[in-house]
Protein chains: 2
Amino acid sequence: MELSERKQIILAAVVEQFIETGEPVGSKGLQAKLGISVSSATIRNEMSELAEMGYLEQPHTSAGRVPSQKGYRYYVDHLMNRREPDDYQRRQMEADISAGGADPQRLIEKAGEVLAQLTNCAAMSTMPKGEGIFIRRVEVVPVGGKTCMTLLLTSAGIIRSRVCRLDFELTASMLENFYNVVSSALIGRPVSEVGAVMLQTLAASLGSEALPLLPLIAAVAELARDADETDVMLEGQSNLLNHREYDGKVYELLEFLNKPQPLSHLISSSKNDLDVLIGKESLFRQLEDSSIILARYNIGLREGGAIGLIGPTRIDYARIIPSVEYLTGLLGKLLKKALEE
Amino acid sequence: MELSERKQIILAAVVEQFIETGEPVGSKGLQAKLGISVSSATIRNEMSELAEMGYLEQPHTSAGRVPSQKGYRYYVDHLMNRREPDDYQRRQMEADISAGGADPQRLIEKAGEVLAQLTNCAAMSTMPKGEGIFIRRVEVVPVGGKTCMTLLLTSAGIIRSRVCRLDFELTASMLENFYNVVSSALIGRPVSEVGAVMLQTLAASLGSEALPLLPLIAAVAELARDADETDVMLEGQSNLLNHREYDGKVYELLEFLNKPQPLSHLISSSKNDLDVLIGKESLFRQLEDSSIILARYNIGLREGGAIGLIGPTRIDYARIIPSVEYLTGLLGKLLKKALEE
DNA sequence: TTTAGCACTCAAACGCTAAGAGTGCTAACA
DNA sequence: TGTTAGCACTCTTAGCGTTTGAGTGCTAAA
């Protein structure tokens with residue numbers, strides 16, 4: 001798929017102009033924009049060919065051209081002139097993220113907020129996930145009578161808790177027994193390993209006392225499963241209302257974003273450091289007018305989670321992609337400091 | 001402010017008709033709706049008087065009448081014919097709320113979801129708050145090196161956690177010392193009491209070891225403050241997009257709802273079992289086209305939190321108010337079961 | 001290969017008219 | 001005195017033809 005140099009220049013200009021104004025761009029306007037010494041008719045011919053090749057589209061006969069999905073793709077892959085965030089912006093990001101203190105959950109949430117605000121789009125972020133996350137602590141706190149609360153703390157700083165009801169009152173010795181077994185069996189183990197098999201072993205080593213404590217074991221298992229789930233935090237949804245390309249379609253999109261499964265599927269299905277999904281590339285009908293920029297962060301050498309954003313396909317890729325990349329680095333650095341120092 | 005019986009009937013009919021259709025209602029339509037044997041001209045006269053008295057408004061000369069804020073108020077206070085949820089709906093609500101298990105946080109969140117879905121509006125809910133909530137447990141978990149994680153668990157089942165960094169490595173004996181002092185000083189105390197004074201006492205009883213542990217103490221204090229804060233969970237924001245009265249104004253409203261302070265202020269400023277704020281009654285400019293229905297739930301005899309909803313002033317008060325009331329009772333019952341059995 | 005010129009297309013804006021819903025007033029009526 | 005029929009008047013909304021203007025595609029000449 002080779003494009004002549006002039007075609008590349010023109011395609012880039014169309015994409016950038018359209019991103020800037022949101023209006024279809026015509027040959028005359030382009031001629032003015034480009035310093036290039038070539039007539040509008042020539043540009044017209046080139047654009048016509050680009051349209052034939054599928055890089056540009058026409059809303060209707062007498063309108064200008066608009067980049068197609070393929071056009072955006074080519075732009076992002078080959079033409080885009082990255083605009084890195086400057087020193088001031090970097091410092092600003094760091095300050096905003098750190099504002100909530102060193103708590104990991106907070107940091108990640110803040111990163112999403114910053115991204116949303118930076119881009120005027122919806123942003124998402126997930127907690128760290130994967131093999132490197134292990135169980136740091138399990139607690140059972142009686143809260144009166146037959147009820148108790150189970151807590152699970154992971155090495156990523158995730159806390160999960162659940163109320164659990166038993167058929168009897170928990171005695172101190174039972175609790176101790178449970179602690180000993182659970183601690184030796186679970187602590188230090190990767191969260192993702194806590195499955196049905198491990199729980200059977202656990203129940204076995206609890207011996208005769210296993211049966212009554214089963215609800216507790218089940219609760220811990222649920223907590224582990226919960227902690228292992230990628231749950232996606234969403235920020236700045238209302239920003240999407242500002243984009244006129246979504247007029248009348250916002251509701252459908254927001255409904256879609258508020259279901260947890262599709263987003264988390266999207267996130268876990270991409271393993272690259274940075275992914276840009278344009279329009280239908282995401283394979284979700286509800287996102288066919290949207291682009292997604294998704295980046296993973298690492299904590300030290302360990303794999304972390306992801307942050308990303310969702311906006312109209314007409315998005316300022318050249319500015320935003322570098323910012324997202326910078327943010328992942330920053331977030332990884334701050335998380336490492338918070339968790340491992 | 002006495003209204004003749006006929007005026008009352010007419011006002012109620014106008015309100016109900018407008019709530020149903022969203023169109024300004026005219027004298028002729030009303031005549032058909034009411035079985036009443038009276039001509040449209042008479043109705044016209046009555047409506048004209050109601051308009052003069054401030055209960056109705058006219059969008060423009062040649063349109064029908066629309067209830068004013070005062071009109072809604074009178075309707076809700078005197079005319080409304082409550083429609084209680086039937087058995088099926090009650091069972092449905094109970095099933096939906098309980099679906100997530102017995103965890104208090106979950107229950108409350110679910111109650112919000114149910115409310116949002118039930119009303120096609122945005123719903124909010126808050127955790128229990130007040131004097132009755134005390135500290136159940138404080139934990140410090142070393143997570144490697146000089147970093148540790150502080151946990152605070154309240155009697156309402158709220159968990160707060162934060163990462164805390166020290167200037168040195170925590171030894172077992174220091175930890176034990178800290179535990180002993182903190183446990184005896186804080187556990188069983190109301191969350192709201194943990195202020196600066198108490199912390200000074202605490203620091204004093206830690207003796208010579210106080211200074212290096214100060215960050216820990218501060219962290220616990222922060223957690224307590226955090227747990228005492230009414231933080232508002234919001235559900236079903238996108239439902240608001242379905243109401244045409246918000247066309248073009250949704251963004252402002254959503255922005256407003258996503259700031260935590262105003263909502264929590266709204267909630268804490270009303271202490272009744274049930275509050276209905278219509279239009280400007282809420283005193284927030286951003287809510288002048290909205291109504292708020294806010295209800296408190298109790299856990300047993302103790303005061304709990306609140307659930308509520310935000311929607312256009314044109315809302316089906318007669319159906320929704322009873323549902324909200326039923327929901328608070330239900331939620332209180334389920335929470336009590338989860339926390340105190 | 002490039003460019004100027006020109007006819008052609010189509011959406012958006014504009015102005016006008018007609019329709020329809022609803023009011024307010026007046027005068028008659030019970 | 002309260003109620004009603006009748007009617008003129010108001011104002012919005014929808015529909016329709018026209019105009020405008022941006023932009024294209026084609027052709028012929030440089």
Side-chain angles (χ1 to χ4, degrees), chain A residues 2-11 13-18 20-68 71 244-245 247-248, chain B residues 2-11 13-18 20-68 71 244-245 247-248:
Chain A
E2 273 307 318
L3 290 184
S4 73
E5 197 185 340
R6 197 168 63 185
K7 280 207 177 57
Q8 293 193 4
I9 293 174
I10 289 179
L11 177 56
V14 171
V15 172
E16 277 162 16
Q17 173 99 344
F18 182 70
E20 198 187 322
T21 66
E23 303 292 330
V25 348
S27 54
K28 221 162 182 176
L30 258 200
Q31 187 189 24
K33 176 117 184 167
L34 291 164
I36 218 169
S37 61
V38 90
S39 81
S40 68
T42 309
I43 296 178
R44 217 148 48 225
N45 288 332
E46 295 282 41
M47 284 171 84
S48 167
E49 280 176 55
L50 281 168
E52 214 161 302
M53 296 162 90
Y55 294 100
L56 297 178
E57 279 169 356
Q58 247 176 328
H60 55 265
T61 334
S62 73
R65 295 306 203 311
V66 158
S68 67
R244 58 178 169 305
E245 33 269 275
D247 276 1
Chain B
E2 274 308 317
L3 289 183
S4 72
E5 199 186 339
R6 197 169 64 185
K7 279 206 178 58
Q8 293 192 4
I9 293 174
I10 289 178
L11 177 56
V14 171
V15 173
E16 278 161 15
Q17 172 100 341
F18 182 69
E20 197 188 321
T21 66
E23 304 291 330
V25 348
S27 52
K28 221 161 183 176
L30 258 200
Q31 186 190 24
K33 175 116 184 168
L34 290 165
I36 217 170
S37 61
V38 91
S39 81
S40 68
T42 308
I43 296 179
R44 215 146 51 224
N45 288 332
E46 294 283 41
M47 284 171 84
S48 167
E49 279 177 55
L50 281 168
E52 215 161 301
M53 295 163 88
Y55 294 99
L56 297 178
E57 280 169 357
Q58 247 176 327
H60 56 264
T61 335
S62 73
R65 296 306 204 308
V66 159
S68 67
R244 59 178 169 304
E245 33 267 275
D247 277 1

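Just so it is clear: chains get the letters A, B, ... in the order the sequence lines come, proteins before strands, and each one is counted from 1.
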Side chain of B/R6 (C-beta onward), nearest among D/dT4, D/dT3, C/dT23: D/dT3
Flag the pair A/V25 / A/K33 as yes when at least one side-chain heavy-atom distance between them is below 4.5 Å, and no otherwise. no
Measure from the side chain of B/T42, starting at C-beta and using heavy atoms only, and say which of C/dG24, D/dT4, D/dT24 lies closest. D/dT4
Would you kindly give the CD-to-P distance between A/E49 and D/dC26, to the nearest whole Å? 12 Å
Smallest separation among heavy atoms of B/V15 and B/G71, with atom names: CG2-O, 4.4 Å
For A/V38 and B/M47, take the nucleotide of DNA chain C holding the closest heavy atom to each; which residue's nucleotide lies nearer the 5' end? A/V38
More than 12 heavy atoms of other groups within 6.0 Å of A/K7 NZ: yes
Donor-acceptor pair, distance only, cut-off 3.5 Å: does the side chain of A/S27 make one with the backbone of A/I43? no
What integer distance in Å separates B/L30:CG from C/dA21:P? 16 Å
Please give, in whole Å, the distance from C/dA21 P to B/Q31 CD? 15 Å
Can you give me the closest heavy-atom contact between A/P59 and A/P24, atom names plus distance? CG-CG, 4.1 Å
Below 4.5 Å, heavy atoms only, C-beta onward: do A/S39 and A/T42 meet side chain to side chain? yes
Please report, rounded to the nearest Å, how far the P atom of C/dT1 is from the NZ atom of A/K7. 10 Å
Between C/dT23 atom P and B/N45 atom CG, what is the distance in whole Å? 11 Å
Of the listed C/dC10, D/dT24, D/dT10, the closest approach to the B/T61 side chain comes from D/dT10
In this structure, how many angstroms lie between the C1' atom of D/dG2 and the CD1 atom of B/I43, rounded? 15 Å
N/O contacts under 3.5 Å, protein versus nucleotides 6-9 of chain D?
residue: D/dG6; atom: O6; partner: B/R44; partner atom: NH2; Å: 3.3

Set out, in order, the CA-CA distance, both residues' side-chain angles and the distance that settles side chain to side chain contact (heavy atoms under 4.5 Å, CB included) for A/M53 and A/L3, then state yes or no. CA-CA 10 Å; A/M53 296 162 90; A/L3 290 184; 3.4 Å; yes
Pair B/E52 + B/R65, salt bridge at N-O below 4.0 Å: no
Whole-Å distance separating the CG atom of A/L50 from the C1' atom of D/dT24: 15 Å
Rounded interatomic separation in angstrom, taking CD from B/E52 and C1' from C/dC25: 14 Å
What string of B, S and - do you get for nucleotides 12-22 of chain D, 5' to 3', if B is base contact, S is sugar-phosphate-only contact and - is no contact with any protein heavy atom under 4.0 Å? S---------B
Shortest non-hydrogen contact from A/L56 toward A/M47: CD1-O, 4.1 Å
Classify B/S40 by what it touches in the nucleic acid, base, sugar-phosphate, or nothing, heavy-atom distance under 4.0 Å. nothing
